[in-house]
Peer 1: 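Following this message is one structure expressed as structure tokens.
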Amino acid sequence: MELFITFIQLFDMTIRLSAPLLLACLAGLYSERAGVFDIGLEGKMLAGAFAAGAVATWFGSAPLALAAAVVVSIALSLVHGFASITHRGNQIVSGVAINFIAAGTTVILGQAWFHQGGRTPSLPNSARFTPINLPGAEAVRDVPILGPIYFELISGHSILVYLAFLLVPFTWWVLFRTRFGLRLRAVGENPAAVDTAGISVSWLRYRAVICCGLLCGVAGAYLAAAQGAGFVKDMTAGKGYIALAALIFAKWRPVQAMYACLLFGFLDALGIRLQGQPLPLIGEVPVQLMQALPYVLTIILLAGFIGKAIPPKAGGVAYVKER
Amino acid sequence: MSQPFAKLPAWADYGLLPLINLVVAFLVAGLVVLLVGESPIDAAILMVKGAFGSGDGVGYTLYYATNFIFTGLCVAIAFHCGLFNIGGEGQAYIGGLGAALVGLSLGDVLPWWLAFPLAIAASAIAGALWALIPAWLQAKRGSHVVITTIMFNFIAASIMVSIVVNFLRPANVQAPETRVFGEGGQLPGLGWLLNGIGLDMRSAPLNISFLLALLAAFLVWVLIWRTKLGYEIRTMGFSPKAARYAGIGEMRIIIIAMLISGALAGMMALNPVMGAQHRLQLDFVAGAGFVGIAVALMGRSHPFGIVLAAILFGMLYQGGAEIAFDMPNISRDMIVIIQGLVILFAGALEHMFRPTLQRIFHAFGPKATPIQPNAAAPGRQ
């Protein structure tokens with residue numbers, strides 16, 4: 001029974017840690033499916049987290065913090081769009097630039113405004129997205145097996161976690177069952193065909209990039225105002241890149257993206273859980289190994305040992321109308 | 001957007017346009033300085049003073065510049081091949097392992113001028129090997145080198161922590177670092193050089209690897225513009241299809257270019273590890289690999305431009321440290337913003353001012369020649 005509870009707690013932590021990955025991963029999915037590579041997930045998330053932390057400190061309101069995070073993140077994604085869609089600049093270079101601008105600006109502004117070494121003040125619960133207890137969670141708590149599963153695992157997360165997981169079927173529906181989604185995928189595979197059909201490639205890609213900014217903003221707000229209580233310097237700590245790895249791992253598909261994020265979230269949770277605890281037979285698992293595992297797995301995938309990841313065909317290429 | 005009509009004269013293409021991009025980047029950075037309530041002009045003056053106002057200032061500026069020359073060349077070689085090696089950070093980190101192994105094992109036995117060439121080779125090989133798998137994946141599987149090198153940066157960081165903490169750290173030391181190298185593992189400083197031209201350098205860690213960096217820049221120039229291999233690399237960068245038709249082995253060139261790129265990044269480690277700290281510390285690269293991206297874009301992938309851009313960034317690093325004393329709101333993270341803005345305006349938005357400039361030149365110049373694609377841009381995605 002104790003082992004069972006341990007596992008429930010582990011999975012619970014997995015869900016918490018996967019949520020921001022999932023949001024960022026889906027963000028990248030919209031953008032990359034439309035043919036705009038986005039290395040800048042990390043930066044947008046970080047900027048969003050800072051905006052959320054700052055606004056929540058000033059106004060004490062979690063929804064406002066979320067809105068601020070989304071606005072800032074979309075603004076950055078528009079910079080990315082302006083550079084890579086309008087001016088046909090290199091998408092990778094633009095994304096890298098956004099990561100640096102976000103990393104530097106959040107620290108400088110954080111230090112200048114809050115004087116706490118780049119962090120924002122600790123948020124009270126009233127300014128955060130607090131855990132929600134689903135109906136009946138308390139009542140079924142003592143039911144064996146199912147009770148703890150419902151109480152610990154499914155109930156008791158912040159609204160943004162539920163949002164993240166609901167976005168998976170929603171994204172699937174948008175991409176594969178709506179006209180917008182069809183065009184979005186088409187513009188990532190063969191923009192010339194979309195152009196021939198009389199649809200603006202630029203506008204479509206801009207919309208995709210805005211979707212990406214929106215979700216990155218939510219991911220940032222989750223980090224600063226739900227999982228954490230305030231912004232901390234470099235708080236994304238590579239999550240944007242892990243999300244990118246998950247996106248490749250999922251071969252640019254929404255449901256698989258969820259599995260990939262859960263896997264990487266689980267590895268993260270396991271790493272935290274196993275810290276300083278020797279396993280039977282294996283001995284103590286080095287933390288560094290656990291941290292590097294998502295990247296190593298992605299490399300192995302890319303090397304072709306676990307299927308083949310084929311990116312959208314027109315990804316990374318600016319569209320030039322033929323004349 | 002209307003297609004531009006006139007080709008820009010070379011001085012405008014290689015001088016004016018980058019300058020405009022740079023100025024815009026610094027203007028936006030100035031806005032950030034204003035936003036935190038300091039004067040951008042005062043900050044600029046403080047920065048230049050801190051970087052060039054004293055012998056030690058110059059020494060530190062050139063010390064940082066040494067790192068950036070290496071990483072800038074690393075990014076540039078890959079750019080010429082149409083690849084974006086974002087993994088200079090990790091390659092330099094692993095390069096440090098090569099340098100440290102030589103410093104630890106031979107530093108007590110050999111004099112520095114024997115240990116140095118071995119350390120150069122060891123760090124270059126270590127850096128190159130770290131670039132090999134991404135190179136192979138790109139060449140053989142078409143996996144995007146950007147993605148794989150990012151992953152390899154993280155993997156390098158994990159590996160180095162576990163190697164340094166578990167194997168290289170002396171038993172009685174708490175800090176995650178190796179022991180101090182013997183005499184032979186410590187590179188001689190260049191104080192005499194600066195003192196010879198009337199500056200007074202005392203504690204700055206400028207060392208002989210600065211000269212190595214300049215030599216590397218020259219050799220890269222020779223390689224890219226004066227050898228068959230360089231021609232093949234550039235052909236590959238311009239048009240992989242043309243290269244294929246010309247019978248240039250795509251796999252071979254990609255792998256060679258990435259190996260050279262990784263080797264240059266690896267050699268960067270010599271400067272901090274053997275030249276300054278005389279031991280291997282965690283995180284000694286400190287973002288220099290990423291600064292290399294900005295340096296290469298700003299120097300338009302030409303070694304001469306890279307040296308200039310590296311000195312500029314060295315100035316920003318050293319000056320930035322000085323500013324922090326007088327303007328507590330501005331820390332070294334300001335450099336990260338400037339770096340990002342330079343990458344944005346000199347890299348991703350490099351074409352933004354081109355049409356305007358071309359229209360101006362067209363209006364004032366009689367000749368109308370068709371334009372050519374831009375040479376310095378990383379061609380293939």
Side-chain angles (χ1 to χ4, degrees), chain A residues 37 39 43 79-80 82-84 86-109 111-113 115 118 233 238 241-242 244-245 248 286-296 298-299 301-304 308-311 315-318 323, chain B residues 1 3 28 32-33 35-38 84 86 133-134 136-137 140-144 146-148 150-162 165-166 290 293-294 297 328-331 333-352 377-378 380-381:
Chain A
F37 276 159
I39 299 280
V79 171
H80 185 53
F82 180 69
S84 59
T86 305
H87 285 287
R88 299 187 209 120
N90 187 313
Q91 296 170 2
I92 309 283
V93 175
S94 166
V96 170
I98 282 168
N99 284 341
F100 285 126
I101 292 171
T105 314
T106 49
V107 177
I108 292 279
L109 292 184
Q111 174 60 22
W113 290 343
H115 307 289
K233 180 180 172 178
Y241 297 118
I242 300 227
L244 214 56
I248 297 168
V287 195
Q288 291 87 22
L289 179 75
M290 301 298 293
Q291 283 168 346
L293 213 48
Y295 305 112
V296 175
T298 310
I299 296 284
L301 171 80
L302 286 172
K308 193 164 196 278
I310 303 163
V317 186
R323 63 194 72 234
Chain B
M1 203 166 64
Q3 194 57 262
V28 178
V32 179
V33 176
L35 209 58
V36 299
E38 300 282 4
F84 191 175
I86 217 167
I133 299 174
W136 183 82
L137 285 174
K140 187 87 181 170
R141 300 266 170 194
S143 326
H144 210 301
V146 171
I147 304 291
T148 45
I150 288 180
M151 312 274 141
F152 266 71
N153 283 345
F154 284 101
I155 299 174
S158 298
I159 288 185
M160 287 299 280
V161 172
S162 73
V165 170
N166 297 329
F290 297 123
I293 301 166
L297 286 169
N329 276 346
I330 299 179
S331 61
D333 293 285
M334 194 69 215
I335 315 300
V336 182
I337 303 183
I338 295 178
Q339 193 182 321
L341 290 169
V342 167
I343 294 174
L344 184 67
F345 285 103
L349 284 171
E350 63 172 345
H351 303 306
M352 187 162 62
R380 196 151 30 109
Q381 296 265 345

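Residue numbering restarts at 1 for every chain, and letters A, B, ... go by the order of the sequence lines.
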Peer 1: Identify the heavy atoms of B:G340 and A:A97 that sit nearest to each other, and give their distance.
Peer 2: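 Residues B:G340 and A:A97, closest heavy atoms: O-CB, 3.3 Å.
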Peer 1: With only heavy atoms counted, which part of B:L35 is less than 4.5 Å from chain A, the side chain, the backbone, both or neither?
Peer 2: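 Backbone plus side chain of B:L35, per the 4.5 Å heavy-atom cut-off to chain A.
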Peer 1: Return the NZ to CG distance between A:K233 and B:D333, rounded to the nearest 0.5 Å.
Peer 2: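 If we round to the nearest 0.5 Å, A:K233:NZ and B:D333:CG are 4.5 Å apart.
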Peer 1: Is there a side-chain contact between B:I150 and A:Y295 (heavy atoms, below 4.5 Å)?
Peer 2: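 With C-beta onward as the side chain, the pair stays apart.
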Peer 1: In terms of ring plane angle, is the pair A:Y241 and B:F154 parallel, tilted or perpendicular, where the classes change at 30° and 60°?
Peer 2: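 Answer is tilted, since the angle falls between 30° and 60°.
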Peer 1: On a heavy-atom basis, which atom in B:I86 and which in A:V96 lie closest, and how many Å separate them?
Peer 2: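 That would be CD1-CG2, 3.3 Å.
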Peer 1: Where on A:I248 is there a heavy atom nearer than 4.5 Å to chain B: the side chain, the backbone, both, or neither?
Peer 2: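 Only the side chain of A:I248 comes within 4.5 Å of chain B.
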Peer 1: Answer with side chain, backbone, both or neither: which region of B:L344 has an atom nearer than 4.5 Å to a non-hydrogen atom of chain A?
Peer 2: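 When you check distances to chain A, atoms from both the backbone and side chain of B:L344 fall under 4.5 Å.
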Peer 1: If I measure from the heavy atoms of chain B, does A:T105 come under 4.5 Å with its side chain, its backbone, both, or neither?
Peer 2: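 For A:T105, heavy atoms of backbone and side chain both lie under 4.5 Å from chain B.
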Peer 1: Let me know if A:V107 has heavy atoms under 4.5 Å from chain B in its side chain, its backbone, both or neither.
Peer 2: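 When you check distances to chain B, only side chain atoms of A:V107 fall under 4.5 Å.
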Peer 1: With a 4.5 angstrom heavy-atom cut-off, is it the side chain or the backbone of A:H115 that approaches chain B, or both, or neither?
Peer 2: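 Only the side chain of A:H115 comes within 4.5 Å of chain B.
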Peer 1: For the residue pair B:V336 and A:A103, what are the closest heavy atoms and their distance?
Peer 2: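 The pair with the smallest heavy-atom distance is CG1-CB, 4.2 Å.
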Peer 1: Of the non-hydrogen atoms in B:M334 and A:I108, which two are nearest, and what is the gap between them?
Peer 2: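 Heavy atoms of B:M334 and A:I108 come nearest at N-CD1, 3.5 Å.
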Peer 1: Could you tell me the separation between the CD1 atom of A:I299 and the CD1 atom of B:I133, rounded to the nearest 0.5 Å?
Peer 2: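 A:I299 CD1 to B:I133 CD1: 8.0 Å, rounded to 0.5 Å.
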Peer 1: Side chain from CB out, backbone as N, CA, C, O: work out which of these in B:F290 comes under 4.5 Å of a heavy atom of chain A, or both, or neither.
Peer 2: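 Both backbone and side chain.
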Peer 1: Against chain A, label B:I147 side chain, backbone, both or neither, depending on which of its atoms sit under 4.5 Å from a heavy atom there.
Peer 2: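 The side chain, not the backbone.
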Peer 1: To the nearest 0.5 Å, tell me how far B:Q339 CD sits from A:N99 CG.
Peer 2: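 Here the rounded value is 11.0 Å.
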Peer 1: Against A:V93, only a single residue in B:V146, B:I343, B:I293 fulfils side-chain contact (heavy atoms from CB on, under 4.5 Å); can you say which?
Peer 2: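 Single pass found, and it is B:I343.
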Peer 1: So which of B:V342, B:L341, B:V32, B:V28 has the biggest tally of heavy-atom pairs under 4.5 Å with chain A?
Peer 2: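 That would be B:L341.
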Peer 1: Tell me, side chain or backbone of A:I39 under 4.5 Å from chain B's heavy atoms, or both, or neither?
Peer 2: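 Side chain only.
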Peer 1: Measure the spacing between NE2 of A:H87 and NE2 of B:H351 and express it to the nearest 0.5 Å.
Peer 2: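 Reported value, rounded in 0.5 Å steps: 10.5 Å.
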